[in-house]
Amino acid sequence: MRLKVWSPFAPLVLGVAVLVFAVDQLHKWWMLNVYGIIEKSPVSITSFFDLVMVWNRGISYGLFTTHTQEWLIALSLVITAVLWVWAQGSTRAFSAFALALIIGGALSNALDRAVRGAVADFFHFYYQGFSWYVFNLADVAIVAGVALLLYEALVLGEAPDRRGKA
């Protein structure tokens, strides 16, 4: 079995990952430098949603907080490489797209860690005593990608075998 690093889905994966990365980084730049979320935080949007400024030094949703970001950056890069290879072996554009969402989000958050020392998170949902973790657009892309992979595995099932068919 040969390791694939480029396949017919590579342009799709690369394009979607770059788009997710760019949108998230532009949003973070705008929130920090134009909107001025640091000075305004928190900004109440609805009775259950605020814009806030949180610097996440942990893994997902602030778990395993650390002040040394290097190993989290390295972990993100290793996971991204594994996901890239997985996407290149995909037999469906659906799974390649889902993996691209995860790759773009992971790389954007890794850049935050490298440049800012933490990931910038802004969105906070809550209701009465319940408070959801603060997150950003990269996190939305990662969760959407994982949800699509689960949907594919549980609902769509395996891709049809096309070997030997015209």
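The structure presented is a predicted model; accordingly, all values stated were derived computationally and were not measured. What's counted below: heavy atoms across the whole structure, side chains too, no hydrogens, waters or symmetry copies. We number each residue from 1, following the sequence as shown.
Under the 4.5 Å side-chain heavy-atom criterion for grouping Ile, Leu, Val, Met, Phe, Trp and Tyr, Val82 is not connected to Leu75 through any hydrophobic cluster. Under the 4.5 Å side-chain heavy-atom criterion for Ile, Leu, Val, Met, Phe, Trp and Tyr, Tyr35 and Val119 are members of distinct hydrophobic clusters. Grouping the Ile, Leu, Val, Met, Phe, Trp and Tyr side chains by contacts below 4.5 angstrom, directly or via other members, places Phe130 with Phe123. There is a path of hydrophobic side-chain contacts, each under 4.5 Å, that joins Val34 to Ile45. Hydrophobic clustering keeps Leu137 apart from Leu26 (ILVMFWY residues linked when any side-chain heavy atoms are closer than 4.5 Å, directly or through intermediates).
When all heavy atoms are compared, the tightest approach of Asp50 to Pro42 is OD2-CB, 4.3 Å. Here the closest heavy-atom approach between residue Phe9 and residue Thr91 is recorded as CE1-C, 3.8 Å. Residue Val13 comes nearest to Ala96 through the heavy atom pair CG2-O, 3.6 Å, listed as atom of the first residue, atom of the second, then distance. Closest of all the heavy-atom pairs between Tyr126 and Ser44 is OH-OG, 4.4 Å. Contact record, Trp55 with Ala120: CZ3-CB, 3.7 Å, taken as the closest heavy-atom pair.
Expressed to the nearest 0.5 Å, how far OG of Ser95 lies from CG of Leu149 amounts to 7.0 Å. The CZ atom of Phe21 sits 12.0 Å away from atom CG of Leu14, with the distance rounded to the nearest 0.5 Å. Distance CD/Glu39 to CE/Met53: 10.5 Å, rounded to 0.5 Å. Distance check, rounded to the nearest 0.5 Å: CG of Leu77 to CH2 of Trp84 gives 14.5 Å. Arg113 CZ to Arg57 CZ: the interatomic distance, rounded to the nearest 0.5 Å, is 10.0 Å.
Using modelled atom types, no side-chain atom of Gln69 and backbone atom of Ala118 make a donor-acceptor pair closer than 3.5 Å.
Residue pairs that meet the side-chain hydrogen bond (donor to acceptor under 3.5 Å, both in side chains) test with at least one member in residues 3-13, sequence neighbours left out, are Ser7-Gln88. Evaluation of the side-chain hydrogen bond (donor to acceptor under 3.5 Å, both in side chains) test over residues 98-107, restricted to residues two or more places apart or in two chains, returns none.
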Kindly list each side-chain donor-acceptor pair under 3.5 angstrom involving residues 98-109, sequence neighbours excluded, with atom names and distances?
from	atom 1	to	atom 2	distance (Å)
Ser108	OG	Asp24	OD2	2.5
Ser108	OG	Gln25	NE2	2.8
Asn109	OD1	Lys28	NZ	3.0
Asn109	OD1	Asn136	ND2	3.2
Asn109	ND2	Asp139	OD1	3.0

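Donor-acceptor pairing under 3.5 Å is lacking for the side chains of Asp121 and Tyr133.
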Quiz prompt | Phe48 and Tyr127: CA distance, side-chain angles, deciding distance, ring-ring contact (aromatic ring centres under 6.0 Å, His included) verdict | solution = CA-CA 5 Å; Phe48 58 88; Tyr127 181 73; 8.2 Å; no
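Taking the side chain as every heavy atom from C-beta outward, Trp86 and Leu83 approach each other to under 4.5 Å. Side-chain contact between Phe49 and Leu51: present, with at least one pair of heavy atoms (C-beta onward) separated by less than 4.5 Å. Between Phe125 and Phe135, the closest side-chain pair of non-hydrogen atoms falls below 4.5 Å.
With sequence neighbours excluded, no residue forms a side chain to side chain donor-acceptor pair (under 3.5 Å) with Thr80. Every side chain to side chain donor-acceptor pair (under 3.5 Å) that Ser131 has, sequence neighbours left out, goes to His124. Residues that satisfy the ring pair (Phe, Tyr, Trp, His ring centres under 6.0 Å) test with Trp29, not counting sequence neighbours, are absent from this structure.
Ring-plane geometry between Tyr151 and Phe94 is classed as tilted, the angle between the planes lying from 30 to 60 degrees on a 0 to 90 degree scale.
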